[in-house]
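Structure, as structure tokens:
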Amino acid sequence: MDALADFGPWVEALLQGIWLTVLVTAVSAACALVVAFVLGLMAGAPGRLPRTLSRIVVEFFRGTSLFVQLYWLYFVLPQLGYRLDAFAIAVLAFAMNFGAYGSEVVRGAVNAVPKPQREATIALNMTPYQRMRLVILPQAVVGMIPPFGNLLIQLLKSTPLVFTITLVDVMAVTKSYRDSEGNTFFIFTLALGIYFVLAYLTTLLMSALERRAKARIGQPAPPRRGLLSWTAGVQGEVR
């Protein structure tokens with residue numbers, strides 16, 4: 001009860017921290033999706049130059065630490081004459097890092113579309129744009145959604161890094177509360193619960209998107225993912 005009473009004045013700050021965490025995750029995910037499609041489609045382009053450029057960018061951002069990328073943008077970029085606010089830096093770092101990983105998802109899903117269907121689109125005299133938009137991407141997107149869901153949860157779990165560049169997210173509020181009130185068990189347990197709830201809601205959202213995408217191309221919908229359905233499945237196995 002004492003912990004709850006001490007936490008009262010911090011509720012508003014925590015809600016603002018949750019909002020910032022969700023906002024950074026959503027905006028970064030949208031930008032990362034664009035980066036993933038651009039780099040992924042470049043990787044499958046017929047020309048050598050776009051394939052080489054895509055490979056260089058992907059390997060660079062996958063091969064360097066996200067934490068260092070964030071600090072480089074925050075501390076080094078101003079020395080080069082470019083100054084961005086902390087929110088823009090966080091979005092840029094997350095978008096490039098997770099976009100690089102996502103580009104491999106795009107490339108793999110596009111390549112997984114059966115070859116006879118590509119040949120059929122050529123036989124029908126479709127343009128490359130029509131082949132991609134009408135035949136290849138609708139099928140490839142279905143295969144992209146589960147790995148994109150995993151990347152989205154990884155992105156959410158990486159957002160506590162933003163408190164190191166002065167953004168006040170859930171982690172920043174958690175640390176401030178601990179430094180002021182000292183109730184370590186209560187505040188870190190609460191932070192774990194908040195990230196779990198956000199990740200679980202993300203899983204439900206991606207599961208709904210997957211069911212919708214499969215229904216649009218006539219594939220059977222996957223089973224619903226949720227704690228209740230998972231519990232029912234376990235009980236069924238036990239019986």
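Side chains included, hydrogens not; waters and symmetry mates left out as well; all remaining heavy atoms used.
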**OP:** Report the relative orientation of the aromatic rings in Y177 and W10; use parallel for angles under 30°, tilted for 30 to 60°, perpendicular for over 60°.
**Re:** perpendicular
Subject >> Polar side-chain atom of T159 near backbone of L156 as donor-acceptor pair, under 3.5 Å >> reply: yes
Subject >> Minimal non-hydrogen separation, L39 against S103, with atom names >> reply: CB-CB, 3.6 Å
Original post:
CZ of F98 to OG1 of T25: how many Å apart, nearest 0.5 Å?
Top reply: 9.5 Å
**OP:** Applying side-chain contact (heavy atoms from CB on, under 4.5 Å), run through F94 and L66 and close with a yes or a no.
**Re:** CA-CA 8 Å; F94 288 134; L66 174 60; 3.5 Å; yes
**OP:** Drop me the distance from R133's CZ to T127's OG1, to the nearest 0.5 angstrom.
**Re:** 8.5 Å
**OP:** Please step through side-chain contact (heavy atoms from CB on, under 4.5 Å) for the pair I136 and R118, ending with a clear verdict.
**Re:** CA-CA 8 Å; I136 297 174; R118 297 171 181 271; 3.6 Å; yes
Subject >> R107 backbone acceptor or donor facing N111 side chain under 3.5 Å >> reply: yes
Original post:
Distance only, no hydrogens: is a donor on one side chain within 3.5 Å (strictly under) of an acceptor on the other, for R211 and S207?
Top reply: yes
Original post:
Nearest 0.5 Å, what's the OG-CE distance between S28 and M96?
Top reply: 12.5 Å
Original post:
Between the main-chain N or O of V135 and the side-chain N or O of Q117, is there a donor-acceptor pair closer than 3.5 Å?
Top reply: no
**OP:** Could you tell me whether the side chain of V168 reaches within less than 4.5 Å of the side chain of Q16, counting heavy atoms only?
**Re:** no
Original post:
In this structure, are over 12 heavy atoms from other groups packed under 6.0 Å from R212 atom CZ?
Top reply: no
Original post:
Run the side-chain contact (heavy atoms from CB on, under 4.5 Å) check on M42 and V57 step by step: do they pass?
Top reply: CA-CA 11 Å; M42 284 174 63; V57 174; over 6 Å; no
Original post:
Could you state the interatomic distance from CD1 (I153) to CG (L198), rounded to the nearest 0.5 Å?
Top reply: 10.5 Å
Subject >> Under-4.0 Å salt bridge between R55 and E104 >> reply: yes
Original post:
Taking N97 for the side chain and F61 for the main chain, is one N or O donor matched with an acceptor at less than 3.5 Å?
Top reply: yes
Original post:
Would you say the side-chain atoms of R131 pair up with the backbone N or O of I122, donor to acceptor, closer than 3.5 Å?
Top reply: no
**OP:** Could you check if a side-chain atom of T21 sits within less than 4.5 angstrom of a side-chain atom of V162, using non-hydrogen atoms only?
**Re:** no
Original post:
Which of parallel (below 30°), tilted (30 to 60°) and perpendicular (above 60°) describes F75 and Y71?
Top reply: perpendicular
Original post:
Would you find more than 12 non-hydrogen atoms of other residues, nucleotides or ligands less than 6.0 Å from E119 atom CD?
Top reply: yes
Original post:
What residue among V105, L152, V106 forms side chain to side chain contact (heavy atoms under 4.5 Å, CB included) with P147?
Top reply: V105
Original post:
When rounded to the nearest 0.5 angstrom, what is the spacing between CG in L190 and CG in L14?
Top reply: 6.0 Å
